> 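Once you've had a glance at the structure underneath, I'll fire off some questions.
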Number of protein chains: 2
Amino acid sequence: MSETSVSCLITKLSHYLTLTDDSREKLAILEEEEISFSRGSEIYTIDDANEHLYVVKSGWLYTYLDLPDGRRQIVKIHHPGDIIGFADIAFRQATTNLAAAEDVVLCPFPKRGLRMIFGEAPQITALMFSIAVRDQVVLLDTLRALGRMSSRERLVYFLLDLVSRLRITNRSMTDTFRLPLTQTEIGDTIGLTNVYVSRAFTALEKDGLIARTAKGVRIVSEAELKAMVDFADRYEQMDTTWFPE
Amino acid sequence: MSETSVSCLITKLSHYLTLTDDSREKLAILEEEEISFSRGSEIYTIDDANEHLYVVKSGWLYTYLDLPDGRRQIVKIHHPGDIIGFADIAFRQATTNLAAAEDVVLCPFPKRGLRMIFGEAPQITALMFSIAVRDQVVLLDTLRALGRMSSRERLVYFLLDLVSRLRITNRSMTDTFRLPLTQTEIGDTIGLTNVYVSRAFTALEKDGLIARTAKGVRIVSEAELKAMVDFADRYEQMDTTWFPE
DNA sequence: CGGGTCGTTGACCGTGATCAAGTAACGTGG
DNA sequence: CCACGTTACTTGATCACGGTCAACGACCCG
């Protein structure tokens, strides 16, 4: 099983504050069980009874919504260390669909597991609440991108947002990262077709703003890109001064 | 002052559960102070220190984000009974701007007021948490609209969302409602220009799906409109079964 | 070797942006 | 009470961005 490997959930949360031993033990419980899904699997779909949340152990996934005519909107991409399912906590049935973008390993735990956290681990509770709220602010930024930005700007925003998130769990990451999503999936995320994602990519590359490697992307001129879309990093810093303990 | 007038905050929350007398007293404290702003006022802007939350007493407001070149995206419209500012709770400075769409009255209260609620009123705490999460799901629906819908569909989604929300505080409302927003503001909300909002309106009216009154709109064929955008009402029902007390 | 997926490129088209002119409603001041 | 200026909405003409359709090449895996 997971043995002594470092938990990516703990790594992610540790970025924001030093976890007590007690907190670490509580979190370990959330990662006891493991399930694997292969690329393309639908983990749950709309209207399923949603009794579980999931910690991502490895691999990327995404949450999406469908339109009657087959169009699709990806609303959130999940990375190792993320907790999936918070948004549906107030509803009896799932309001979104979850699919695996590549082969993944998840740790499911019942909603009741949260009750234990909420009741006994105020430090983690406060942090989870903050993360939920932070995600909301990120959604607002995304809304701005989809509502008002050109195709190139949307792609730039998408890439910068990814880099900022990935840096939380991988501090050694510089400016190159793996991107295990098809251009169709990227398009479904930023409201474009695969064709225009391709064109936006080549345009940015031609301008020397990014470079593309085998299965990844390198951010060449981060400052310039950030200025293009007035990018604010919502992940790096968070106000934890009001936390208990 | 507000005398014995019914609080719209209490009205709104009562829609979901029966509030205890103790809960009502706690909520009343949040509505003690009052400030008025006239139409067009900026209540706060990005990077302001955000020490207050606001309960909307009367009038409509909206939260928005700017782009460097002057484009603007409205990300949330606020009605009487709404609490404004939850999203910024995890940040030291405001991440959004707040403006009054018409003359409004707000009840500001310091963030510390929330600590009192969190500590002493578990029923309201659970409800507020649920509302915050519910708002997140609504944002996902909006993301889908901005990412994948045509101009007419966007306007339809916008109107249906408004109606659903307004029905929470005004149960007697049928299908006609006041719309105190300019078409430019509506465009900034759904990612269109004022010109195309106008065209979408006249198109929907010509098809007999809506009708326009002096300062408002009437939903003529709600079922048809809902089918157009696969609309799900996120406001009417909420899972309160897990609440304490 | 063959089939499938993914990315690229070109041609064409359509939706919505942009620019501009005109109208209606309203508030203000003379 | 009217004249004026402002704001909001409408409508038309033109344009451009991104969608759609199609063909092709690269790569992967069976």
Side-chain angles (χ1 to χ4, degrees), chain A residues 38-41 60 67 69-74 99-103 145-159 178-206 210-217 228, chain B residues 38-41 60 62 67 69-74 99-103 145-158 178-206 210-217 228:
Chain A
S38 60
R39 187 204 140 99
S41 306
W60 290 27
L67 279 91
D69 61 4
R71 286 174 290 182
R72 185 173 74 151
Q73 177 67 41
I74 293 176
E102 54 181 338
D103 292 351
L146 295 206
R148 288 300 185 205
M149 286 186 190
S150 70
S151 64
R152 288 180 51 170
E153 290 168 332
R154 289 183 200 200
L155 184 57
V156 168
Y157 171 75
F158 171 80
L159 294 174
R178 197 175 64 94
L179 183 53
L181 296 173
T182 69
Q183 292 188 351
T184 300
E185 288 164 339
I186 296 173
D188 285 342
T189 309
I190 56 181
L192 297 172
T193 58
N194 58 339
V195 176
Y196 243 75
V197 171
S198 174
R199 292 199 223 268
F201 257 124
T202 52
L204 290 178
E205 200 169 24
K206 200 166 288 171
I210 65 165
R212 280 184 287 179
T213 63
K215 287 268 168 197
V217 172
M228 259 180 79
Chain B
S38 59
R39 187 203 138 99
S41 305
W60 291 26
Y62 52 81
L67 279 92
D69 61 5
R71 285 172 292 180
R72 186 174 73 151
Q73 177 67 42
I74 293 176
E102 54 182 339
D103 292 353
L146 294 207
R148 289 298 183 206
M149 287 185 190
S150 70
S151 63
R152 288 180 51 170
E153 291 168 331
R154 289 184 200 199
L155 183 57
V156 168
Y157 171 75
F158 170 80
R178 197 175 64 93
L179 183 52
L181 296 173
T182 68
Q183 292 188 351
T184 299
E185 287 164 339
I186 295 172
D188 285 341
T189 307
I190 57 182
L192 297 172
T193 57
N194 59 336
V195 175
Y196 242 76
V197 171
S198 174
R199 293 199 223 268
F201 257 124
T202 52
L204 290 177
E205 200 169 24
K206 200 166 291 170
I210 66 164
R212 281 184 287 179
T213 63
K215 286 272 168 193
V217 172
M228 260 180 79

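Throughout, protein chains are lettered first and strands after them, A, B, ... in sequence-line order, and every chain is numbered starting at 1. Treat the numbers as computed from the prediction; the structure is a model and nothing was measured.
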> What's Arg39(A) touching, base or sugar-phosphate or nothing? Going by heavy atoms closer than 4.0 Å.
sugar-phosphate
> With a 4.5 Å cut-off on side-chain heavy atoms, are Arg148(B) and Asp188(A) touching?
yes
> Under a 4.0 Å N-O cut-off, is there an ion pair linking Glu102(B) with Arg178(B)?
yes
> Looking only at heavy atoms, which two atoms of Ser38(B) and Ala100(B) are closest? And how far apart?
O-CB, 3.9 Å
> Do the non-hydrogen side-chain atoms of Ile210(B) and Leu155(B) ever get within less than 4.5 Å of each other?
no
> In whole Å, what is the span from the CG atom of Leu67(A) to the C1' atom of dG19(D)?
16 Å
> Classify Arg212(B) by what it touches in the nucleic acid, base, sugar-phosphate, or nothing, heavy-atom distance under 4.0 Å.
sugar-phosphate
> Quick one: label Val195(B) by what it contacts on the DNA or RNA (base, sugar-phosphate, nothing), any heavy atom closer than 4.0 Å.
base
> Specify the residue among Thr202(B) and Ser150(A) whose closest nucleotide of DNA chain D lies further upstream toward the 5′ end.
Thr202(B)
> Between Thr193(B) and dA17(C), is there a side-chain N or O to OP1/OP2 distance below 4.0 Å?
yes
> Would you mind reading off the distance between Met149(A) atom CE and dG16(C) atom C1', rounded to a whole angstrom?
19 Å
> Tell me: CG of Leu204(A) to C1' of dG7(C), nearest whole Å?
16 Å
> Quick check on dG7(C): is either OP1 or OP2 less than 4.0 Å from any side-chain nitrogen or oxygen of Ser198(A)?
no
> If you check every side-chain atom of Arg199(B), which of dA13(D), dG19(D), dA17(C) has the closest atom?
dA13(D)
> Determine yes or no for a side-chain-to-main-chain donor-acceptor pair under 3.5 angstrom, with Arg152(A) supplying the side chain and Ala203(A) the backbone.
no
> At a heavy-atom distance below 4.0 Å, what parts of residues 180-192 of chain B sit against DNA chain C?
Gly191(B), Leu192(B)
> Measure the shortest side-chain to side-chain distance between Phe158(A) and Leu181(A) over non-hydrogen atoms and say whether it is less than 4.5 angstrom.
yes
> Do Gln73(B) and Leu146(B) come within less than 4.5 Å of each other through their side chains, counting heavy atoms only?
yes
> Could you give the CG-to-C1' distance, from Leu146(A) to dG18(D), as a whole number of Å?
14 Å
> In residues 194-202 of chain A, what donor-acceptor pairs under 3.5 Å come from side-chain atoms, sequence neighbours left out?
from	atom 1	to	atom 2	distance (Å)
Thr202(A)	OG1	Ser198(A)	O	3.2
Thr202(A)	OG1	Arg199(A)	O	2.9

> Return the value, rounded to whole Å, for the distance between atom OH of Tyr196(A) and atom C1' of dA16(D).
9 Å
> Return the value, rounded to whole Å, for the distance between atom CZ of Phe201(A) and atom P of dT8(C).
8 Å
> Nearest whole angstrom, please: distance from the C1' of dT10(D) to the CG of Asn194(B).
10 Å
> What are the two closest non-hydrogen atoms of Met228(A) and Val156(A), and how far apart are they?
CE-CG2, 3.8 Å
> In whole angstrom, what separates Glu153(A)'s CD from dC17(D)'s C1'?
12 Å
> Identify the two heavy atoms, one from Met149(A) and one from Arg71(B), that lie closest to each other, and give their separation to 0.1 Å.
CA-NH1, 4.0 Å
> Can you name the atoms? Protein N/O to nucleotides 23-29 of chain C N/O, anything below 3.5 Å, with the distance.
none

